[in-house]
Participant: 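Take a look at this one; I'll ask things after.
The analysis underlying the following values was restricted to heavy atoms, covering all of them including side chains, and did not include hydrogens, waters or symmetry mates. Positions are given from 1, in the same order as the sequence printed here. Counting starts at 1 for both ligands and their atoms, in listed order.
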Amino acid sequence: MENSINIFEREEEFLLQTYKRIPIQISHGEGVYLFSEDGKKYLDFFSGLAVNALGYGNKNVIKAIEEQIKKYIHLSNYYINSPQIELAERLVKYSGLSKVFFTNSGTEAIEASLKLIRKQFGAEKNIITFSNAFHGRTYGSLSLSGKEKYKKYFSPLLPNIIQLEFNDLEQLENNVDANTAAIYIEFIQGEGGINIASNRFVEKIYELRNKFSFALVADEVQSGIGRTSKPFAYQHYHVEPDLVIVAKAIGGGLPLGGLITNKKFANVFQTGDHGSTFGGNPVACAAGLEVIYEVFENDLVKNIADLGNYFLFELNLLHKKYPDKITDVRGLGFMVGVELRKPCASLVDKFREKGILVNCTNENVLRILPPLISTKENIDYFINIFNEILSEDK
Ligand SMILES: Cc1ncc(COP(=O)(O)O)c(C=O)c1O
(Lines give C-alpha, C1' and ligand atoms only; values in the text may rest on other atoms or scores of the structure.)
Protein backbone atom coordinates (compact mmCIF):
# COMPACT_ATOMS: atom_id res chain seq x y z
CA MET A 1 0.00 0.00 0.00
CA GLU A 2 2.90 2.28 0.95
CA ASN A 3 4.26 1.67 -2.52
CA SER A 4 1.02 2.44 -4.31
CA ILE A 5 0.67 5.77 -2.44
CA ASN A 6 4.20 6.61 -3.49
CA ILE A 7 3.60 5.85 -7.08
CA PHE A 8 0.49 8.06 -7.22
CA GLU A 9 2.38 10.92 -5.60
CA ARG A 10 5.22 10.45 -8.06
CA GLU A 11 2.78 10.38 -10.95
CA GLU A 12 1.41 13.73 -9.82
CA GLU A 13 4.87 15.18 -9.40
CA PHE A 14 6.41 14.04 -12.67
CA LEU A 15 3.65 13.70 -15.23
CA LEU A 16 1.49 16.37 -16.82
CA GLN A 17 -1.89 15.97 -15.21
CA THR A 18 -3.97 15.21 -18.32
CA TYR A 19 -5.46 11.91 -17.12
CA LYS A 20 -7.83 11.10 -14.30
CA ARG A 21 -6.09 7.96 -13.07
CA ILE A 22 -7.99 5.03 -11.60
CA PRO A 23 -6.76 4.55 -8.01
CA ILE A 24 -5.39 1.03 -8.33
CA GLN A 25 -1.90 -0.08 -9.20
CA ILE A 26 -1.95 -2.93 -11.67
CA SER A 27 0.64 -5.66 -11.25
CA HIS A 28 -0.26 -7.82 -14.26
CA GLY A 29 -2.98 -9.13 -16.51
CA GLU A 30 -4.09 -12.61 -17.49
CA GLY A 31 -6.85 -13.38 -19.99
CA VAL A 32 -9.86 -11.16 -19.18
CA TYR A 33 -8.49 -10.24 -15.73
CA LEU A 34 -6.24 -7.56 -14.31
CA PHE A 35 -4.57 -8.00 -10.92
CA SER A 36 -3.54 -5.17 -8.59
CA GLU A 37 -0.42 -4.97 -6.42
CA ASP A 38 -2.55 -5.54 -3.32
CA GLY A 39 -3.70 -8.88 -4.71
CA LYS A 40 -7.19 -7.99 -5.99
CA LYS A 41 -8.56 -9.50 -9.20
CA TYR A 42 -10.62 -7.42 -11.63
CA LEU A 43 -12.74 -8.51 -14.58
CA ASP A 44 -11.64 -5.99 -17.20
CA PHE A 45 -14.67 -5.02 -19.29
CA PHE A 46 -12.92 -1.97 -20.69
CA SER A 47 -10.02 -3.78 -22.44
CA GLY A 48 -7.55 -0.89 -22.28
CA LEU A 49 -10.06 1.27 -24.18
CA ALA A 50 -10.84 -1.37 -26.81
CA VAL A 51 -7.17 -2.19 -27.43
CA ASN A 52 -6.81 -5.53 -25.65
CA ALA A 53 -9.10 -7.55 -27.91
CA LEU A 54 -7.42 -10.82 -26.92
CA GLY A 55 -7.17 -9.90 -23.25
CA TYR A 56 -3.82 -10.08 -21.47
CA GLY A 57 -0.91 -12.46 -21.98
CA ASN A 58 -2.10 -14.07 -25.22
CA LYS A 59 0.57 -16.66 -25.97
CA ASN A 60 0.47 -16.27 -29.74
CA VAL A 61 0.82 -12.50 -29.56
CA ILE A 62 3.75 -12.82 -27.16
CA LYS A 63 5.41 -15.44 -29.40
CA ALA A 64 4.98 -13.27 -32.51
CA ILE A 65 6.50 -10.29 -30.68
CA GLU A 66 9.41 -12.37 -29.38
CA GLU A 67 10.16 -13.81 -32.80
CA GLN A 68 10.01 -10.42 -34.48
CA ILE A 69 12.21 -8.58 -31.97
CA LYS A 70 14.93 -11.14 -32.56
CA LYS A 71 14.85 -10.35 -36.28
CA TYR A 72 14.57 -6.56 -36.09
CA ILE A 73 12.60 -4.21 -33.85
CA HIS A 74 12.65 -1.31 -36.25
CA LEU A 75 13.57 -0.63 -39.85
CA SER A 76 12.96 2.75 -41.36
CA ASN A 77 10.20 2.92 -43.93
CA TYR A 78 12.94 3.15 -46.57
CA TYR A 79 12.89 -0.64 -46.29
CA ILE A 80 10.07 -3.07 -46.90
CA ASN A 81 9.20 -5.06 -43.78
CA SER A 82 7.27 -8.27 -44.27
CA PRO A 83 4.90 -8.13 -41.23
CA GLN A 84 3.67 -4.77 -42.60
CA ILE A 85 2.88 -6.28 -46.00
CA GLU A 86 1.17 -9.33 -44.50
CA LEU A 87 -0.97 -7.19 -42.21
CA ALA A 88 -1.90 -4.86 -45.08
CA GLU A 89 -2.97 -7.89 -47.14
CA ARG A 90 -5.26 -9.02 -44.32
CA LEU A 91 -6.73 -5.56 -43.78
CA VAL A 92 -7.44 -5.26 -47.49
CA LYS A 93 -9.03 -8.72 -47.51
CA TYR A 94 -11.34 -8.09 -44.55
CA SER A 95 -12.25 -4.52 -45.45
CA GLY A 96 -12.76 -5.16 -49.16
CA LEU A 97 -10.72 -2.01 -49.88
CA SER A 98 -7.42 -1.65 -51.71
CA LYS A 99 -4.32 -0.21 -49.96
CA VAL A 100 -3.03 0.73 -46.51
CA PHE A 101 -0.89 3.50 -45.00
CA PHE A 102 0.32 2.60 -41.49
CA THR A 103 0.58 5.03 -38.57
CA ASN A 104 1.15 4.67 -34.81
CA SER A 105 -2.30 5.70 -33.59
CA GLY A 106 -5.86 6.53 -34.52
CA THR A 107 -5.39 10.26 -34.53
CA GLU A 108 -2.43 9.98 -36.90
CA ALA A 109 -4.44 7.83 -39.29
CA ILE A 110 -7.16 10.51 -39.24
CA GLU A 111 -4.52 13.15 -39.99
CA ALA A 112 -3.30 11.07 -42.93
CA SER A 113 -6.85 10.82 -44.26
CA LEU A 114 -7.37 14.57 -43.91
CA LYS A 115 -4.26 15.31 -45.96
CA LEU A 116 -5.44 12.82 -48.55
CA ILE A 117 -8.90 14.43 -48.73
CA ARG A 118 -7.44 17.93 -48.96
CA LYS A 119 -5.02 16.85 -51.69
CA GLN A 120 -7.79 15.24 -53.71
CA PHE A 121 -10.57 17.83 -53.24
CA GLY A 122 -8.72 21.04 -52.27
CA ALA A 123 -8.90 22.92 -48.97
CA GLU A 124 -11.93 25.01 -49.94
CA LYS A 125 -14.39 22.16 -49.98
CA ASN A 126 -16.28 21.18 -46.84
CA ILE A 127 -15.80 18.19 -44.62
CA ILE A 128 -18.86 17.00 -42.70
CA THR A 129 -18.72 15.46 -39.24
CA PHE A 130 -21.34 14.78 -36.57
CA SER A 131 -22.37 15.77 -33.07
CA ASN A 132 -20.68 13.68 -30.37
CA ALA A 133 -18.10 12.43 -32.87
CA PHE A 134 -14.64 11.64 -31.57
CA HIS A 135 -11.74 11.32 -33.99
CA GLY A 136 -8.70 12.12 -31.83
CA ARG A 137 -6.74 14.88 -30.13
CA THR A 138 -4.30 16.31 -32.68
CA TYR A 139 -5.31 19.50 -34.48
CA GLY A 140 -6.88 17.99 -37.57
CA SER A 141 -8.72 15.20 -35.80
CA LEU A 142 -9.77 17.58 -33.02
CA SER A 143 -11.25 19.85 -35.68
CA LEU A 144 -13.46 16.95 -36.74
CA SER A 145 -14.57 16.04 -33.25
CA GLY A 146 -18.00 16.93 -31.94
CA LYS A 147 -17.30 17.68 -28.32
CA GLU A 148 -16.87 21.32 -27.43
CA LYS A 149 -15.16 20.53 -24.13
CA TYR A 150 -12.18 19.06 -26.00
CA LYS A 151 -11.94 21.94 -28.44
CA LYS A 152 -12.66 25.04 -26.40
CA TYR A 153 -9.07 26.24 -25.71
CA PHE A 154 -7.62 25.42 -29.09
CA SER A 155 -9.15 27.56 -31.79
CA PRO A 156 -8.61 28.37 -34.54
CA LEU A 157 -9.05 24.80 -35.69
CA LEU A 158 -9.17 23.66 -39.33
CA PRO A 159 -11.54 25.66 -41.54
CA ASN A 160 -14.34 24.31 -43.72
CA ILE A 161 -15.54 21.65 -41.34
CA ILE A 162 -19.29 21.48 -40.80
CA GLN A 163 -20.81 19.70 -37.87
CA LEU A 164 -24.28 18.16 -38.24
CA GLU A 165 -26.55 16.30 -35.83
CA PHE A 166 -25.88 12.59 -35.84
CA ASN A 167 -28.81 10.66 -37.34
CA ASP A 168 -30.57 13.84 -38.56
CA LEU A 169 -31.61 13.16 -42.17
CA GLU A 170 -32.98 16.60 -42.83
CA GLN A 171 -29.78 18.40 -41.79
CA LEU A 172 -27.80 16.01 -43.94
CA GLU A 173 -29.95 16.67 -46.98
CA ASN A 174 -29.73 20.45 -46.46
CA ASN A 175 -25.97 20.61 -45.99
CA VAL A 176 -24.43 18.06 -48.32
CA ASP A 177 -23.84 19.28 -51.85
CA ALA A 178 -21.32 19.53 -54.67
CA ASN A 179 -19.05 21.45 -52.31
CA THR A 180 -18.73 18.50 -49.93
CA ALA A 181 -15.34 16.77 -49.96
CA ALA A 182 -15.95 14.11 -47.33
CA ILE A 183 -18.17 12.79 -44.58
CA TYR A 184 -16.46 11.32 -41.52
CA ILE A 185 -18.57 8.91 -39.52
CA GLU A 186 -18.27 6.42 -36.68
CA PHE A 187 -21.06 3.98 -37.58
CA ILE A 188 -21.25 3.33 -33.86
CA GLN A 189 -19.94 6.25 -31.83
CA GLY A 190 -17.72 5.20 -28.93
CA GLU A 191 -16.63 8.17 -26.85
CA GLY A 192 -19.87 9.96 -27.83
CA GLY A 193 -22.00 7.44 -25.90
CA ILE A 194 -22.38 4.23 -27.97
CA ASN A 195 -24.74 5.80 -30.51
CA ILE A 196 -25.61 3.68 -33.53
CA ALA A 197 -26.14 5.25 -36.96
CA SER A 198 -29.68 4.49 -38.12
CA ASN A 199 -30.15 2.53 -41.35
CA ARG A 200 -32.08 5.42 -42.88
CA PHE A 201 -29.28 7.86 -42.02
CA VAL A 202 -26.65 5.65 -43.63
CA GLU A 203 -28.86 5.06 -46.69
CA LYS A 204 -29.23 8.82 -47.05
CA ILE A 205 -25.44 9.31 -46.84
CA TYR A 206 -25.01 6.68 -49.53
CA GLU A 207 -27.65 8.22 -51.74
CA LEU A 208 -25.98 11.64 -51.41
CA ARG A 209 -22.57 10.17 -52.11
CA ASN A 210 -23.83 8.68 -55.36
CA LYS A 211 -25.09 12.12 -56.29
CA PHE A 212 -22.12 14.28 -55.19
CA SER A 213 -19.11 11.88 -55.19
CA PHE A 214 -17.63 12.97 -51.87
CA ALA A 215 -15.44 10.56 -49.91
CA LEU A 216 -17.09 8.50 -47.20
CA VAL A 217 -14.66 7.97 -44.32
CA ALA A 218 -15.43 5.30 -41.72
CA ASP A 219 -13.67 5.83 -38.40
CA GLU A 220 -13.29 2.26 -37.14
CA VAL A 221 -10.67 3.02 -34.51
CA GLN A 222 -12.87 1.78 -31.68
CA SER A 223 -15.48 -0.27 -33.55
CA GLY A 224 -13.17 -2.14 -35.93
CA ILE A 225 -11.31 -5.48 -35.76
CA GLY A 226 -14.32 -7.56 -34.81
CA ARG A 227 -15.59 -5.58 -31.84
CA THR A 228 -19.12 -5.27 -33.22
CA SER A 229 -19.15 -8.93 -34.45
CA LYS A 230 -18.14 -8.02 -38.02
CA PRO A 231 -14.60 -7.11 -39.04
CA PHE A 232 -15.73 -3.47 -39.34
CA ALA A 233 -18.90 -1.78 -38.10
CA TYR A 234 -19.81 -0.42 -41.57
CA GLN A 235 -20.33 -4.04 -42.63
CA HIS A 236 -23.59 -4.03 -40.65
CA TYR A 237 -24.88 -1.69 -43.39
CA HIS A 238 -24.88 -2.01 -47.16
CA VAL A 239 -22.10 0.51 -47.64
CA GLU A 240 -18.54 0.55 -48.86
CA PRO A 241 -16.58 3.48 -47.48
CA ASP A 242 -13.82 5.07 -49.54
CA LEU A 243 -11.49 5.34 -46.57
CA VAL A 244 -11.39 3.32 -43.35
CA ILE A 245 -9.44 4.35 -40.26
CA VAL A 246 -8.17 1.65 -37.89
CA ALA A 247 -6.08 1.64 -34.69
CA LYS A 248 -6.45 0.40 -31.09
CA ALA A 249 -6.89 -3.42 -31.31
CA ILE A 250 -4.99 -3.72 -34.58
CA GLY A 251 -1.56 -3.64 -32.86
CA GLY A 252 -2.26 -6.37 -30.28
CA GLY A 253 -1.47 -3.81 -27.55
CA LEU A 254 1.39 -2.09 -29.38
CA PRO A 255 0.96 1.35 -30.99
CA LEU A 256 -0.37 0.94 -34.52
CA GLY A 257 -2.96 2.57 -36.74
CA GLY A 258 -3.81 2.59 -40.39
CA LEU A 259 -5.60 4.36 -43.18
CA ILE A 260 -7.16 1.95 -45.68
CA THR A 261 -8.31 3.33 -49.03
CA ASN A 262 -10.35 1.91 -51.87
CA LYS A 263 -9.04 1.82 -55.44
CA LYS A 264 -10.39 5.27 -56.23
CA PHE A 265 -8.19 6.93 -53.59
CA ALA A 266 -5.24 4.52 -53.63
CA ASN A 267 -3.04 6.74 -55.80
CA VAL A 268 -3.79 10.16 -54.35
CA PHE A 269 -0.66 10.13 -52.20
CA GLN A 270 2.53 10.00 -54.22
CA THR A 271 6.07 9.47 -52.91
CA GLY A 272 6.87 12.09 -50.26
CA ASP A 273 3.30 13.28 -49.71
CA HIS A 274 3.11 11.63 -46.31
CA GLY A 275 5.29 9.57 -43.99
CA SER A 276 6.08 8.41 -40.46
CA THR A 277 9.28 7.22 -38.80
CA PHE A 278 7.60 4.56 -36.69
CA GLY A 279 4.35 3.99 -38.59
CA GLY A 280 3.83 0.31 -39.33
CA ASN A 281 6.46 -0.84 -36.83
CA PRO A 282 7.29 -4.49 -37.61
CA VAL A 283 6.79 -5.72 -34.03
CA ALA A 284 3.38 -4.03 -33.81
CA CYS A 285 2.42 -5.46 -37.22
CA ALA A 286 3.54 -8.98 -36.19
CA ALA A 287 1.38 -8.70 -33.05
CA GLY A 288 -1.50 -7.34 -35.11
CA LEU A 289 -1.34 -10.31 -37.47
CA GLU A 290 -2.01 -12.63 -34.52
CA VAL A 291 -5.02 -10.52 -33.56
CA ILE A 292 -6.35 -10.86 -37.11
CA TYR A 293 -5.83 -14.66 -37.12
CA GLU A 294 -7.59 -15.13 -33.81
CA VAL A 295 -10.45 -12.74 -34.35
CA PHE A 296 -11.30 -13.38 -38.00
CA GLU A 297 -9.81 -16.75 -38.81
CA ASN A 298 -10.53 -18.62 -35.57
CA ASP A 299 -14.17 -17.55 -35.71
CA LEU A 300 -14.03 -15.32 -32.65
CA VAL A 301 -16.38 -12.97 -34.52
CA LYS A 302 -19.11 -15.63 -34.39
CA ASN A 303 -18.63 -15.89 -30.64
CA ILE A 304 -18.94 -12.11 -30.34
CA ALA A 305 -22.18 -12.07 -32.37
CA ASP A 306 -23.83 -14.73 -30.18
CA LEU A 307 -22.55 -13.47 -26.84
CA GLY A 308 -23.14 -9.84 -27.78
CA ASN A 309 -26.82 -10.59 -28.39
CA TYR A 310 -27.01 -12.49 -25.12
CA PHE A 311 -25.36 -9.60 -23.28
CA LEU A 312 -27.80 -7.06 -24.74
CA PHE A 313 -30.73 -9.36 -23.89
CA GLU A 314 -29.63 -9.63 -20.26
CA LEU A 315 -29.00 -5.89 -20.00
CA ASN A 316 -32.46 -5.22 -21.42
CA LEU A 317 -33.91 -7.36 -18.63
CA LEU A 318 -32.13 -5.09 -16.15
CA HIS A 319 -33.54 -2.09 -18.01
CA LYS A 320 -37.05 -3.51 -17.54
CA LYS A 321 -36.37 -4.23 -13.88
CA TYR A 322 -34.89 -0.78 -13.15
CA PRO A 323 -36.66 1.71 -15.48
CA ASP A 324 -36.14 4.40 -12.85
CA LYS A 325 -32.35 4.00 -13.18
CA ILE A 326 -31.67 2.88 -16.75
CA THR A 327 -33.04 4.84 -19.71
CA ASP A 328 -31.56 2.89 -22.62
CA VAL A 329 -29.46 -0.12 -23.56
CA ARG A 330 -27.75 -0.18 -26.96
CA GLY A 331 -24.83 -1.71 -28.76
CA LEU A 332 -23.47 -4.06 -31.37
CA GLY A 333 -21.47 -7.16 -30.46
CA PHE A 334 -19.06 -6.27 -27.67
CA MET A 335 -19.49 -2.50 -27.96
CA VAL A 336 -22.23 -1.80 -25.46
CA GLY A 337 -23.70 1.25 -23.74
CA VAL A 338 -26.15 1.54 -20.86
CA GLU A 339 -27.60 5.01 -20.49
CA LEU A 340 -28.47 5.98 -16.94
CA ARG A 341 -30.74 8.63 -15.51
CA LYS A 342 -27.84 10.19 -13.63
CA PRO A 343 -24.07 10.60 -14.12
CA CYS A 344 -22.34 7.25 -13.98
CA ALA A 345 -18.91 8.05 -12.48
CA SER A 346 -19.94 6.76 -9.04
CA LEU A 347 -21.37 3.61 -10.62
CA VAL A 348 -17.98 2.90 -12.17
CA ASP A 349 -16.43 3.22 -8.68
CA LYS A 350 -18.96 0.71 -7.31
CA PHE A 351 -18.17 -1.74 -10.10
CA ARG A 352 -14.48 -1.41 -9.29
CA GLU A 353 -15.08 -1.99 -5.59
CA LYS A 354 -16.84 -5.21 -6.61
CA GLY A 355 -14.02 -6.29 -8.93
CA ILE A 356 -15.17 -5.12 -12.38
CA LEU A 357 -13.58 -2.41 -14.55
CA VAL A 358 -15.87 -0.43 -16.85
CA ASN A 359 -16.00 3.15 -18.10
CA CYS A 360 -18.41 6.06 -18.07
CA THR A 361 -18.63 8.24 -21.18
CA ASN A 362 -20.72 11.25 -22.18
CA GLU A 363 -21.55 11.79 -18.47
CA ASN A 364 -24.23 9.15 -18.12
CA VAL A 365 -23.43 6.27 -20.46
CA LEU A 366 -21.80 3.20 -19.00
CA ARG A 367 -19.43 2.07 -21.76
CA ILE A 368 -18.73 -1.65 -21.73
CA LEU A 369 -16.00 -3.00 -24.03
CA PRO A 370 -15.25 -6.59 -22.97
CA PRO A 371 -12.20 -8.35 -24.40
CA LEU A 372 -13.33 -10.28 -27.48
CA ILE A 373 -12.36 -13.53 -25.73
CA SER A 374 -14.92 -13.03 -22.94
CA THR A 375 -17.20 -15.97 -22.14
CA LYS A 376 -20.85 -16.37 -21.15
CA GLU A 377 -19.65 -16.86 -17.55
CA ASN A 378 -17.87 -13.49 -17.63
CA ILE A 379 -21.05 -11.83 -18.91
CA ASP A 380 -23.22 -13.57 -16.29
CA TYR A 381 -20.84 -12.39 -13.60
CA PHE A 382 -21.07 -8.83 -14.89
CA ILE A 383 -24.88 -8.96 -15.01
CA ASN A 384 -25.11 -10.31 -11.44
CA ILE A 385 -22.87 -7.57 -10.09
CA PHE A 386 -24.75 -4.89 -12.06
CA ASN A 387 -28.03 -6.18 -10.66
CA GLU A 388 -26.55 -6.08 -7.14
CA ILE A 389 -25.33 -2.49 -7.62
CA LEU A 390 -28.65 -1.31 -9.03
CA SER A 391 -30.61 -2.97 -6.21
CA GLU A 392 -28.38 -1.31 -3.59
CA ASP A 393 -28.63 2.13 -5.22
CA LYS A 394 -31.41 3.98 -3.41
C1 LIG B 1 -13.43 6.60 -32.94
C2 LIG B 1 -12.06 7.08 -32.57
N3 LIG B 1 -11.31 7.72 -33.47
C4 LIG B 1 -10.06 8.15 -33.20
C5 LIG B 1 -9.52 7.96 -31.94
C6 LIG B 1 -8.13 8.43 -31.65
O7 LIG B 1 -7.27 7.33 -31.56
P8 LIG B 1 -5.88 7.43 -30.77
O9 LIG B 1 -6.20 7.66 -29.33
O10 LIG B 1 -5.20 6.13 -31.07
O11 LIG B 1 -5.13 8.58 -31.36
C12 LIG B 1 -10.27 7.30 -30.96
C13 LIG B 1 -9.71 7.11 -29.60
O14 LIG B 1 -10.38 6.80 -28.66
C15 LIG B 1 -11.57 6.84 -31.27
O16 LIG B 1 -12.32 6.22 -30.37
Participant: Mind jotting down which protein residues get a heavy-atom contact under 4.0 Å with ligand 1? Chain and number order, please.
Facilitator: S105, G106, T107, F134, H135, G136, E186, D219, V221, Q222, K248

Participant: What residue among I385, I389, L390 forms side chain to side chain contact (heavy atoms under 4.5 Å, CB included) with K350?
Facilitator: I389

Participant: List in chain and number order the residues that pass side-chain contact (heavy atoms from CB on, under 4.5 Å) with A133, two or more places apart in sequence or in another chain; answer none if no residue qualifies.
Facilitator: H135, E186, Q189

Participant: So, D393 and K342, do they make that salt bridge, N to O below 4.0 Å?
Facilitator: yes

Participant: How many angstroms lie between CD1 in I245 and CD in E108, if you round to the nearest 0.5 Å?
Facilitator: 12.0 Å

Participant: Looking at the rings of F201 and F130, which for Trp means the six-membered one, are their centres under 6.0 Å apart?
Facilitator: yes

Participant: E297 and Y94: side-chain donor and acceptor closer than 3.5 Å?
Facilitator: yes

